[in-house]
Amino acid sequence: MALTLSKEERDYRRGLARRQAEIAALPVMEQRRQRWTRMNDGVPGSRPPFAIETWTFDRDFMPASIFQCRSDYGRRLETGFLRHIRHHEILNDDHVCPDTLDMGWHVWCNEFGIEIPTTYAKDAEGVVMGYHFECPIQDLNNGFEMIQPATFGVDREGTLAEKQFLEETFGDFLPVVIRSGTYGYNCLTQRLMRLMSMETFFMAMYDCPDQLHAVMALLRDNARRQAQWAEREGLLAIN
C-alpha cells in the first residue's frame, strides 16, 4: 500500500479532516455520546438513540460523483471523512462523529490454506448485487483433508508506518488511534458457507453429522486461536 498523496489530494483531504473535527466538536455530539452511554448503562427513562446504517444504501448516499481522489488509498481516506461529514450534514441522526482518525492493525489471515474463487454479479451501474463461492467441499462424506488450520500474523512495521503518515498529514486536526478489529470471526456458519453450499450443509446434518461436527470444530478452533493470538499480541483495545 503506497502511503502517498499528491499535494492536491493532501490539501483536499486535510480540508475534510478539518471539517470532521469541527463537527465532532459540536456540543450536540457530547449530548449524543451521553445518550448512548445512558442507554448502554440501562439508565431508567433513557431515550433509545436512533442511527441510520448508511452502508445499506451507499449507491445513493455515497455516489461516485462526490469523490475526487484517484488513488486507492486516497479514496479510502476520502470515504471515511465524507461518510462522517455527510452523515451529520444530511441525516443528522444520533450518530456521534468521531473526534479521532481511526485505523486498524495490518493483520493478515490465510483461513483455510486453499483459494476459494468468488464470482460477483453486478448490475448495469457496476454495483455488486450478489456473489457465489466456488465451494471446495461438495460432499462432506469424502472428508475435508484439503482444509488446513488458519494461519495469521500482523505487520507491525507497516501499521506504525501508516499511523506516522496519518499523524503527519492529519494529526493537527484529528488524533490518530489504532482500533481493534474482529479477530476470531463472529459467525462460524458464515465461514462454513465458503467451504460448502447451504444444500451441502443441510444434507450433512443428516448424512454425516460426525463429519459436520468435525469441520465446525475446526472453525471453532481457528476462531479461538486467532482471538487468543490477538490478545497475546496486544491487538485488542476498548473501542
Novice: Hey, quick one: are M193 and V128 part of the same hydrophobic cluster, counting side-chain heavy atoms closer than 4.5 Å, chains of contacts allowed?
Specialist: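 Both belong to a single hydrophobic cluster.
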Novice: Look at the side chain of Q68 and the backbone N and O of S65, then say whether any donor-acceptor pair between them is shorter than 3.5 Å.
Specialist: no
Novice: Would you say D58's side chain and F61's backbone share a donor-acceptor pair under 3.5 angstrom?
Specialist: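 The answer is no, because no donor-acceptor pair under 3.5 Å joins these two groups.
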Novice: Would L166 and L77 satisfy side chain to side chain contact (heavy atoms under 4.5 Å, CB included), going step by step from the backbone distance to the final call?
Specialist: CA-CA 10 Å; L166 294 175; L77 294 173; 3.8 Å; yes
Novice: CZ of R47: more than 12 outside heavy atoms within 6.0 angstrom?
Specialist: yes
Novice: Do the non-hydrogen side-chain atoms of P209 and L212 ever get within less than 4.5 Å of each other?
Specialist: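 SC-SC contact between P209 and L212 ruled out.
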Novice: Evaluate the side-chain proximity of V177 to L101: yes if any heavy-atom separation is below 4.5 Å, no if none is.
Specialist: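 Answer no - side chains too far apart.
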Novice: Answer whether the closest heavy-atom distance between the side chains of H106 and E157 falls below 4.5 Å.
Specialist: no
Novice: If I take atom CZ from residue R156 and atom CG from residue L235, how far apart are they, to the nearest 0.5 angstrom?
Specialist: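 Rounded to the nearest 0.5 Å, the CZ-CG separation comes to 5.5 Å.
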Novice: Can you tell whether the side chains of E89 and R86 come within less than 4.0 Å, N to carboxylate O?
Specialist: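 Salt bridge between E89 and R86, a charged N being under 4.0 Å from a carboxylate O: no.
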Novice: Given the rule that I, L, V, M, F, W and Y join up when any side-chain heavy atoms are under 4.5 Å apart, are I52 and W55 in one cluster?
Specialist: no
Novice: Are the charged groups of D11 and K7 less than 4.0 angstrom apart, N to O?
Specialist: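 Yes, D11 and K7 are salt-bridged.
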Novice: Got a donor-acceptor contact below 3.5 angstrom from the N222 side chain to the A150 backbone?
Specialist: yes
Novice: So that I can tick it off, tell me whether R76 and E162 are bridged by a salt bridge, with the cut-off set at under 4.0 angstrom between side-chain N and carboxylate O.
Specialist: yes
Novice: Under a 4.5 Å cut-off applied to non-hydrogen side-chain atoms, are D139 and T200 in contact?
Specialist: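 No; the side chains remain at least 4.5 Å from each other.
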Novice: In terms of hydrophobic clusters joined by side-chain contacts under 4.5 Å, are V154 and V176 together?
Specialist: yes
Novice: Tell me, yes or no, whether the heavy-atom count around M198 atom CE, taken from other residues, nucleotides or ligands under 6.0 Å, exceeds 12.
Specialist: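 Check fails, neighbour count at 12 or below.
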Novice: Within the distance-only criterion (no hydrogens, no angle test), does the side chain of Q148 pair as donor or acceptor with the backbone N or O of E145 below 3.5 angstrom?
Specialist: yes
Novice: Could you check whether any side-chain N or O of R179 sits under 3.5 Å from a backbone N or O of M103, counting only pairs where one atom can act as donor and the other as acceptor?
Specialist: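 Side chain of R179 to backbone of M103: no pair is present.
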Novice: Going from SG on C69 to CD on E8, what distance comes out if it is rounded to the nearest 0.5 angstrom?
Specialist: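 The distance works out to 9.5 Å.
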Novice: Kindly indicate, with the supporting measurements, whether the criterion salt bridge (Lys or Arg N to Asp or Glu O under 4.0 Å) is fulfilled by E22 and R19.
Specialist: CA-CA 5 Å; E22 292 170 350; R19 179 58 182 145; 3.5 Å; yes
Novice: In terms of hydrophobic clustering (I, L, V, M, F, W, Y; side-chain heavy atoms under 4.5 Å; direct or indirect links), are M203 and I137 co-clustered?
Specialist: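 No, M203 does not connect to I137 through the hydrophobic network.
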Novice: Let me see the working for T79 and M62 under side chain to side chain contact (heavy atoms under 4.5 Å, CB included), right down to the final yes or no.
Specialist: CA-CA 8 Å; T79 299; M62 301 285 286; 3.9 Å; yes
Novice: Would you name the heavy atoms of A51 and W36 that are closest together and state the gap between them?
Specialist: CB-CZ2, 4.0 Å
Novice: When rounded to the nearest 0.5 angstrom, what distance separates CE in M196 from CG in L140?
Specialist: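 If I round to the nearest 0.5 Å, the distance is 4.5 Å.
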Novice: Look at the side chain of T189 and the backbone N and O of L192, then say whether any donor-acceptor pair between them is shorter than 3.5 Å.
Specialist: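 Flag not set: sc T189 to bb L192 has no pair under 3.5 Å.
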Novice: What is the distance from atom CZ of R35 to atom CE of M39, rounded to the nearest 0.5 Å?
Specialist: 11.0 Å
Novice: Give a yes or no on this: more than 12 heavy atoms of other residues, nucleotides or ligands lie within 6.0 Å of atom CG of D72.
Specialist: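 Check fails, neighbour count at 12 or below.
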Novice: Do F152 and W108 have ring centroids that are under 6.0 Å from one another?
Specialist: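 Aromatic pair excluded; centres sit 6.0 Å or further apart.
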Novice: Does NZ or CZ of R14 lie under 6.0 Å from the centre of the six-membered ring of F173, at an angle within 45° of the ring axis?
Specialist: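 Geometry flag: not set, cation outside 6.0 Å or 45°.
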Novice: If you compare all heavy atoms of E9 against all heavy atoms of S71, which two are closest, and at what distance to 0.1 Å?
Specialist: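 Answer, listing the atom of E9 first, then S71: OE1-OG, 3.4 Å.
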Novice: Side chains of V28 and R32: closer than 4.5 Å at any heavy-atom pair?
Specialist: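 The answer is yes, as the side chains (C-beta and beyond) meet within the 4.5 Å cut-off.
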Novice: Taking side-chain contact (heavy atoms from CB on, under 4.5 Å) as the criterion, tell me which of T151, D221, V107 meets it with Q226.
Specialist: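 That would be V107; it is the only one of T151, D221, V107 passing the side-chain contact (heavy atoms from CB on, under 4.5 Å) with Q226.
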Novice: Report whether F133 and F112 are members of the same hydrophobic cluster (ILVMFWY, side-chain heavy atoms less than 4.5 Å apart, transitive linking).
Specialist: yes
Novice: Just checking, any donor-acceptor pair under 3.5 angstrom between side chains of Y183 and E231?
Specialist: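 Y183 vs E231: no donor-acceptor pair found between side chains.
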Novice: Calculate, to the nearest 0.5 Å, the distance between atoms CE and CG belonging to M129 and D123 respectively.
Specialist: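 So the CE of M129 and the CG of D123 are separated by 5.5 Å.
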Novice: For F57, I'd like to know if atom CZ has over 12 heavy atoms of other residues, nucleotides or ligands within 6.0 Å.
Specialist: yes
Novice: Should L195 and P136 count as side-chain neighbours, where that means a heavy-atom distance under 4.5 Å?
Specialist: yes
Novice: Does R33 reach the side chain of E30, with side-chain heavy atoms less than 4.5 Å apart?
Specialist: yes
Novice: Apply salt bridge (Lys or Arg N to Asp or Glu O under 4.0 Å) to E111 and R194, showing your working.
Specialist: CA-CA 10 Å; E111 190 173 359; R194 298 183 64 209; 2.9 Å; yes
Novice: Could you give me the CA-CA distance, side-chain angles and deciding distance for I178 and K163, then say whether side chain to side chain contact (heavy atoms under 4.5 Å, CB included) is met?
Specialist: CA-CA 8 Å; I178 300 177; K163 185 173 187 289; 3.7 Å; yes
Novice: Side-chain contact, heavy-atom cut-off 4.5 Å: T169 with R13?
Specialist: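 Result no, sub-4.5 Å side-chain heavy-atom pair not found.
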Novice: Heavy-atom count check: over 12 atoms from other residues, nucleotides or ligands less than 6.0 Å from E167 CD?
Specialist: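 It does: E167 CD has more than 12 such atoms within range.
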Novice: If we ignore hydrogens and angles and just use 3.5 Å, is the side chain of D93 paired with the main-chain N or O of H95 as donor and acceptor?
Specialist: yes
Novice: Given the side-chain rings of F165 and F170, with only the six-membered ring counted for Trp, is the space between their centroids under 6.0 Å?
Specialist: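 No, the ring of F165 stays outside the 6.0 Å limit from the ring of F170, centre to centre.
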Novice: With under 30° as parallel and over 60° as perpendicular, where do the rings of Y131 and Y120 fit, or are they tilted in between?
Specialist: tilted
Novice: Checking side-chain hydrogen bond (donor to acceptor under 3.5 Å, both in side chains) for the pair N92/H87: CA distance, chi angles, key distance, verdict?
Specialist: CA-CA 6 Å; N92 199 26; H87 208 123; over 6 Å; no
Novice: Find the distance between CD1 (I85) and CD1 (I23) and round it off to the nearest 0.5 Å.
Specialist: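 Going from the CD1 atom of I85 to the CD1 atom of I23 covers 5.5 Å.
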Novice: Which heavy atom of Q211 sits nearest to which heavy atom of F144, and what is that distance?
Specialist: O-CE2, 3.9 Å
Novice: Any donor and acceptor pair, going by atom type alone, linking the side chain of T159 with main-chain N or O of W105 inside 3.5 Å?
Specialist: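 No, because the side chain of T159 does not come within donor-acceptor range (under 3.5 Å) of the backbone of W105.
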Novice: Look only at the side chain of Q20 and the backbone of D99, and say whether a donor-acceptor pair between them is shorter than 3.5 Å.
Specialist: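 Checking the backbone N and O of D99 against the side chain of Q20, no donor-acceptor pair under 3.5 Å is found.
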